[in-house]
Protein chains: 2
Amino acid sequence: MKRRNTATKEAVLSVLNASGKAMSQSAIEKKINVDINRATIYRVLNNYCEDGILHRIVADDGRQYFAICLECDEDRKSLHHFHFRCEKCETISCLPEPVNFSLSNDYIVEKVNCILTGVCKDCSTS
Amino acid sequence: MKRRNTATKEAVLSVLNASGKAMSQSAIEKKINVDINRATIYRVLNNYCEDGILHRIVADDGRQYFAICLECDEDRKSLHHFHFRCEKCETISCLPEPVNFSLSNDYIVEKVNCILTGVCKDCSTS
DNA sequence: TGTATTATTGCAAGAGTGTCGCAATAAATA
DNA sequence: TATTTATTGCGACACTCTTGCAATAATACA
Ligand SMILES: [Mn+2]
Ligand SMILES: [Mn+2]
Ligand SMILES: [Zn+2]
Ligand SMILES: [Zn+2]
């Protein structure tokens with residue numbers, strides 16, 4: 001399915017870019033000035049994930065958050081890194097901390113979802 | 001709030017014991033022969049978590065799973081371990097693999113939730 | 001530029017998960 | 001046995017995410 005460029009898609013990506021954090025659908029909707037339908041935002045986000053533009057984090061609040069895959073390929077902050085959810089400022093950010101584990105080979109690992117929750121450094125030092 | 005012993009609570013714990021896996025409310029409800037109200041099961045599970053009998057895992061399907069805290073204190077399979085969600089057999093199990101990370105001290109980590117998703121060793125070797 | 005194709009969107013509805021208030025019930029204690 | 005109050009079922013709610021359908025609009029191509 002070939003993608004088309006739309007104002008909606010650009011707006012979603014631009015909000016995520018500006019925040020530098022992982023954001024939920026509702027957070028994105030609040031940050032966008034124009035009115036975009038909830039379902040549409042979800043569809044856009046899901047497409048971006050399929051295309052490897054975004055990655056999806058399911059936090060321990062059970063909700064989905066989306067972040068731009070900046071360094072997902074090149075940097076050492078590679079495919080699998082921890083995420084931090086701050087309960088004070090209610091943000092989720094990608095940590096430079098890699099996720100390490102070793103399982104016997106008969107496990108097939110397809111997704112890694114690691115969340116640390118607590119108070120982020122900005123909130124704890126103020 | 002002092003706890004009381006009820007058939008419901010025992011049934012929930014016994015199902016979790018028998019399975020040896022982490023289970024969701026709906027999975028528990030299906031496994032219990034008697035009819036127990038959904039809300040009640042959730043309340044029982046939440047109480048067990050408060051009391052340190054169970055621990056709660058939020059999987060990357062956004063749902064809550066509950067597992068018995070066997071080795072949570074004594075064993076090396078300590079407080080923070082990985083969990084594996086198999087998409088074939090739809091089970092979640094506690095792995096003996098510990099979660100390691102090092103953050104700067106100004107982060108306050110209160111919860112650790114690490115899920116690996118894929119195909120478990122039972123399903124991949126058959 | 002005009003037209004056909006089909007990806008995108010809004011809307012409404014639905015499925016699923018988890019919580020909460022309230023009144024009825026029953027476990028624990030004296 | 002009588003009292004206290006934890007537990008339960010029920011209903012309702014909030015919330016997240018998805019899906020079908022018809023209308024719209026981006027893209028490619030004549
Ligand atoms: Mn990330
Ligand atoms: Mn566990
Ligand atoms: Zn914070
Ligand atoms: Zn399996």
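So that the names make sense, note that chain A is the first sequence line, chain B the second, and so on, each numbered from 1.
When each of Val112(B), Asn100(B), Val109(B) is checked for a side chain to side chain contact (heavy atoms under 4.5 Å, CB included) with His80(B), only Val112(B) meets the rule.
In this structure a side-chain-to-backbone donor-acceptor pair under 3.5 Å is present from Asn113(A) to Val58(A). A donor-acceptor contact shorter than 3.5 Å is absent between the side chain of Ser24(A) and the backbone of Gln64(A). When atom types are taken as modelled, the side chain of Thr117(A) and the backbone of Glu110(B) share no donor-acceptor pair closer than 3.5 angstrom.
Where DNA chain D meets chain A (any atom under 4.0 Å from a heavy atom), the bounding nucleotides read 5' to 3' are dT16(D) to dA28(D).
Residue pairs meeting the salt bridge (charged side-chain N to carboxylate O under 4.0 Å, His left out) criterion with at least one partner in residues 5-33 of chain A, sequence neighbours excluded, are absent. Residue pairs that meet the ring pair (Phe, Tyr, Trp, His ring centres under 6.0 Å) test with at least one member in residues 5-39 of chain A, sequence neighbours left out, do not exist here. Every pair passing ring pair (Phe, Tyr, Trp, His ring centres under 6.0 Å) that includes a residue from residues 101-126 of chain B is listed here, sequence neighbours excluded: Phe82(A)-Phe101(B), Phe84(A)-Tyr107(B).
With rounding to whole Å, Asp51(A) atom CG is found 13 Å from dA7(C) atom P. Taking atom CD of Gln64(A) as the reference point, atom P of dG16(C) lies 16 Å away to the nearest angstrom.
Every residue meeting the salt bridge (charged side-chain N to carboxylate O under 4.0 Å, His left out) condition with Glu87(A), not counting sequence neighbours, appears here in chain and number order: Arg85(A), Lys111(B). Under the salt bridge (charged side-chain N to carboxylate O under 4.0 Å, His left out) criterion, Asp61(B) pairs with Arg63(B), not counting sequence neighbours. Remark: Ala67(B) pairs with Ala22(B), His55(B), Ile57(B), Cys94(B) by the side chain to side chain contact (heavy atoms under 4.5 Å, CB included) rule, at least two apart or across chains.
For the contact set between residues 3-28 of chain A and DNA chain C, defined by any heavy atom under 4.0 Å, the members are Arg3(A), Arg4(A), Thr6(A), Thr8(A), Lys9(A). Within residues 37-47 of chain B, the residues approaching DNA chain C are Arg38(B), Ala39(B), Tyr42(B), Arg43(B), Asn46(B), by heavy-atom distance under 4.0 Å.
In this structure, Ile108(B) belongs to a hydrophobic cluster whose other members, linked by side-chain heavy atoms under 4.5 Å apart, are Val119(A).
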Between side-chain atoms of residues 33-44 of chain A and protein atoms elsewhere (two or more places apart, or another chain), which donor-acceptor pairs fall under 3.5 Å?
from     : atom 1 : to       : atom 2 : distance (Å)
Asn37(A) : OD1    : Ala39(A) : N      : 2.9

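Here the straight-line distance linking atom OG1 of Thr8(A) with atom CG of Leu13(A) works out to 12.5 Å at 0.5 Å rounding.
The C1' atoms of five pairs define one axis at each end of the helix from dT1(C)-dA30(D) to dA30(C)-dT1(D), and these two axes lie 30° apart (to 10°).
Looking at which nucleotide of DNA chain D each of Arg63(A) and Asp35(B) is closest to, the 5′-most match is held by Asp35(B).
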